[in-house]
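So the structure is just underneath, and the comments pick up after that.
Because the structure is predicted, anything quoted here is derived from the model rather than measured. Each chain gets a letter, A, B and so on, in the order its sequence line appears, and its residues count up from 1.
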There are 2 protein chains.
Amino acid sequence: MPRTDSFLESPEGTREEIMQATYFALCEHGYAELTIERIGEEFSKSKSLIYHHYGGKDDLLLDFLEFMLERFEGTVPFDDADDASDHLDAVLDHVLATPLPEDRREFGKAMVELRAQAAHDDRYRDHFTRHDRFFGERIASIIDSGIEEGVFGDVDPEAKATFLLTVVVGSMTQRVTSDQESTATVRGQVEEFVRATLLEGE
Amino acid sequence: MPRTDSFLESPEGTREEIMQATYFALCEHGYAELTIERIGEEFSKSKSLIYHHYGGKDDLLLDFLEFMLERFEGTVPFDDADDASDHLDAVLDHVLATPLPEDRREFGKAMVELRAQAAHDDRYRDHFTRHDRFFGERIASIIDSGIEEGVFGDVDPEAKATFLLTVVVGSMTQRVTSDQESTATVRGQVEEFVRATLLEGE
């Protein structure tokens, strides 16, 4: 399973090097202050290469989001657990980690800023629609397995997955936009939700 | 109970007129493209009045957020219900309304963009910390009343309120940044959560 940040340590090829430069520049400057010029400052090769591949900052950032989503797909532990309940726990522990490692915190800030672009930019909205759909489907599929295994009761997997994803989006947003550290509390309540409305025989 | 948008129809005094102009300009241009110049275009008096009161765009937006929070405090139905369970339902119905009225949708977009500024700007983070604290405390106080009334079981009001607030932040974020309309599903799952983990004797 590739680590999300392997391209940060040893990028392979020009595209990964541009992605690495974008990541660092985005975490350092934030979306509003980001420019291709500043991405170029983090890039070891000629800046003209970036201009050659991308028409502008948002072009580059949308490609960056696709790149990160693909890597994230490989990082969230969707495939390694004994039963569906443990599997769901592992995913939730990963996305609602407390405390959040510093590098994931910086990336989390960038993601909240990029998601906010979707409010007024359809290209970003298209991306986050696919992003949410991907995560929703993966969680629903785990719950579906749990129903087949008899671990979970006869619930609507899509509805549960939709809700859990909303909780994750809310928690990831709050943890970088508010000083109230609530992730551990939220994780505990998610546990209660799963126990009370998903687990069979509770 | 004042309506949030009364200042949009009949602003009283210069500050409310500036707030009205800010609201319209923010909904039209979004945060990134917003300038004092563009706010001035929505303002019926001299633009120099805006420059006289505010040092810059973020100064003005932070004041705008305070103004909106104060008005929102008066709009969310925190005080008119028969028992705590109905009271909580009314609040959740309001913040998780489906479908979202168009004017609240535009404002919701602006709020998601402004909250995202908190990732890299402490002044915005201070605001949203207070924002979250205010709503968390109000929800906790409703749950507290419900425990006293015997409607809710012996739960931790702060933990439940923290979780419900995170769900609301997640839902408000997703509904303006993704095409998947999930609010009705989320509202249904919140109902299940309340029934299964808050209501006495369930």
Side chain from CB out, backbone as N, CA, C, O: work out which of these in B:Ser182 comes under 4.5 Å of a heavy atom of chain A, or both, or neither. both
Ignoring hydrogens, what is the shortest heavy-atom contact between B:Arg115 and A:Thr177? Give both atom names and the distance. NH1-OG1, 2.9 Å
Part of residues 151-176 of chain A lying next to chain B, heavy-atom separation under 4.5 Å: A:Ala159, A:Lys160, A:Thr162, A:Phe163, A:Leu165, A:Thr166, A:Val167, A:Val169, A:Gly170, A:Ser171, A:Thr173, A:Gln174, A:Val176
Return the option, out of B:Thr129, B:Thr197, B:Thr185, B:Asp121, with the maximum number of heavy-atom pairs under 4.5 Å with chain A. B:Thr129
Heavy-atom closest pair, residues A:Glu113 and B:Ala116: CG-O, 3.7 Å
Are A:Asp179 and B:Asp126 close enough that some pair of their side-chain heavy atoms sits under 4.5 Å apart? yes
Ignoring hydrogens and angles, tell me if any N or O in the side chain of B:His131 forms a donor-acceptor pair with the backbone of A:Ser178 under 3.5 Å. no
Between A:Asp132 and B:Gln180, which heavy-atom pair has the shortest distance, and what is it? C-OE1, 3.8 Å
Is it the side chain or the backbone of A:Arg133 that comes within 4.5 Å of chain B heavy atoms, both, or neither? both
Under a 4.5 Å heavy-atom criterion, the part of residues 29-57 of chain A in contact with chain B comprises A:Gly30
